[in-house]
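Worksheet: one structure, shown below.
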Amino acid sequence: MVQQCHSQTKTEPNQSWHGKLNLVYARAQGETQLIHSQSQAPLKVQRPFYPEGKNVCHSVILHTAGGIVGGDRLSCNFHLEPDAQALITTATASKIYRTNGLQAKQTINIQIDANACLEWLPQETIVFNSALYRQDLRVELATGASYLGWEITRFGRTARGEKFVQGEWRSHTEIWQQDKPLWIDRQWLPGSDKIFHSPHGLNGQAIAGSLVWVKGAVSHDIIEKARELWHGEGEVGVTRLEHGFLCRYRGSSTTEVRNWFISVWQLVRVSFLSRVSCLPRVWQM
């Protein structure tokens, strides 16, 4: 039975949130269960869903404050015990508001035990102009464990004609296995008109995305299939890693990057996890 604990804390004097979410999944008798859930506002998790049977536990994270402001500190810890299978997503797009002079930060620590698998599929992050934001994500894999995660970021509220020309965005991702780094990715985008239009920055595009699959070596055929699944106007790339592969996107359409990432995710599921795609129902609302 899941153990739940909820609390609410808002710090003074700048009224920033220090939110926390700790989730633990365990497998017993062929079923993955969320056995421990501890949350502190504004983070919260919905009750578990099983749209594809009891083998895979689906969880949806809520951010009840509606957006992240300067000074906010959000911390998420996900632990999958041996053989657990979980898919975690977010209820809506995340919004990073313009800074009040302070940096907003989110830290995500993920521990995946032997033969467990996590699919971390958050919805889009929208970084407002003049935001100061940093995300640190670290994954620790045990032997036989696997991880698929993506990140889709929109810089500026493009529907309003806004560009990300002030502020700063940082994203640091590390995946380790038995003290060995499998993939380390550090991205930094200072807000400026020059960087926005530079080919070494956004090249005039508003959206950047990364998808990574890590478990073991993949064949050239898988890399080619991932490339062939791309049908859009943005710039993309697929790179083989020592223990998986990486997809990159730079463009202007959330729809096209989502559709490609979902197709690649389906490829991973069929090729490595022996299961078909099952879209989280919150994406269809």
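Since this is a predicted model, take the numbers as computed values, not measurements. Side chains are part of it too, since the values below use all heavy atoms of this structure and drop only hydrogens, waters and symmetry mates.
- Residues D136 and R170 are not paired through a salt bridge, judged by the lack of any N-O separation under 4.0 Å between the basic side chain and the carboxylate.
- The CD atom of Q46 sits 12.0 Å away from atom CG of L34, with the distance rounded to the nearest 0.5 Å.
- With rounding to the nearest 0.5 Å, the separation of CD1 in I68 from CH2 in W17 is 12.5 Å.
- Grouping Ile, Leu, Val, Met, Phe, Trp and Tyr residues whose side-chain heavy atoms lie under 4.5 Å apart, directly or via other members, places V69 in a hydrophobic cluster with Y97, I126, F128.
- Using modelled atom types and a 3.5 Å distance limit, the side chains of Q178 and T143 yield a donor-acceptor pair.
- A donor atom on one side chain and an acceptor atom on the other are not found under 3.5 Å apart for R157 and N129.
- Side-chain atoms of Q103 do not come within 3.5 Å of backbone N or O of Y133 as any donor-acceptor pair.
- Classification of R98 and E162 as a salt-bridged pair fails, no side-chain N sitting under 4.0 Å from a carboxylate O.
- Side-chain contact annotation: E168 with W188, donor-acceptor N/O pair under 3.5 Å present.
- T64 places a side-chain N or O within donor-acceptor distance of the main-chain N or O of P42, the cut-off being under 3.5 Å.
- When each of E119, R281, E52 is checked for a side-chain hydrogen bond (donor to acceptor under 3.5 Å, both in side chains) with H58, only E52 meets the rule.
- Residues E235 and Q205 have side chains that never bring a donor and an acceptor to within less than 3.5 angstrom of each other.
- A heavy-atom distance below 4.5 Å is not found between the side chains of F272 and C117.
- For the 3.5 Å distance criterion, the side chains of Q111 and N109 fail to qualify, holding no donor opposite an acceptor.
- Residue I184 is found in a hydrophobic cluster whose other members, listed by chain and number, are W176; membership requires side-chain heavy atoms under 4.5 Å apart, directly or through intermediates.
- One N or O on the side chain of T32 and one on the backbone of N55 form a donor-acceptor pair closer than 3.5 Å.
- Side chain to side chain, D113 and H79 meet the donor-acceptor criterion of an N or O pair below 3.5 Å.
- Note that the CD atom of Q38 and the CG atom of L21 stand 9.0 Å from one another [nearest 0.5 Å].
- Applying the ring pair (Phe, Tyr, Trp, His ring centres under 6.0 Å) test to residues at least two apart or on different chains, the pairs with a partner in residues 221-240 are W230-Y249, W230-W260.
- Ion pairing between a basic and an acidic side chain is recognised when a charged N comes within 4.0 Å of a carboxylate O; E224 and R227 show such pairing.
- For the atom pair NE2 of H63 and CG of D72, the computed distance is 6.0 Å after rounding to the nearest 0.5 Å.
- Although no hydrogens or angles enter the test, the distance criterion places no donor-acceptor pair under 3.5 Å between the side chain of W169 and the main chain of R134.
- Here the rule is side chain to side chain contact (heavy atoms under 4.5 Å, CB included) with R154, and of V257, T125, T254 only T254 fits it.
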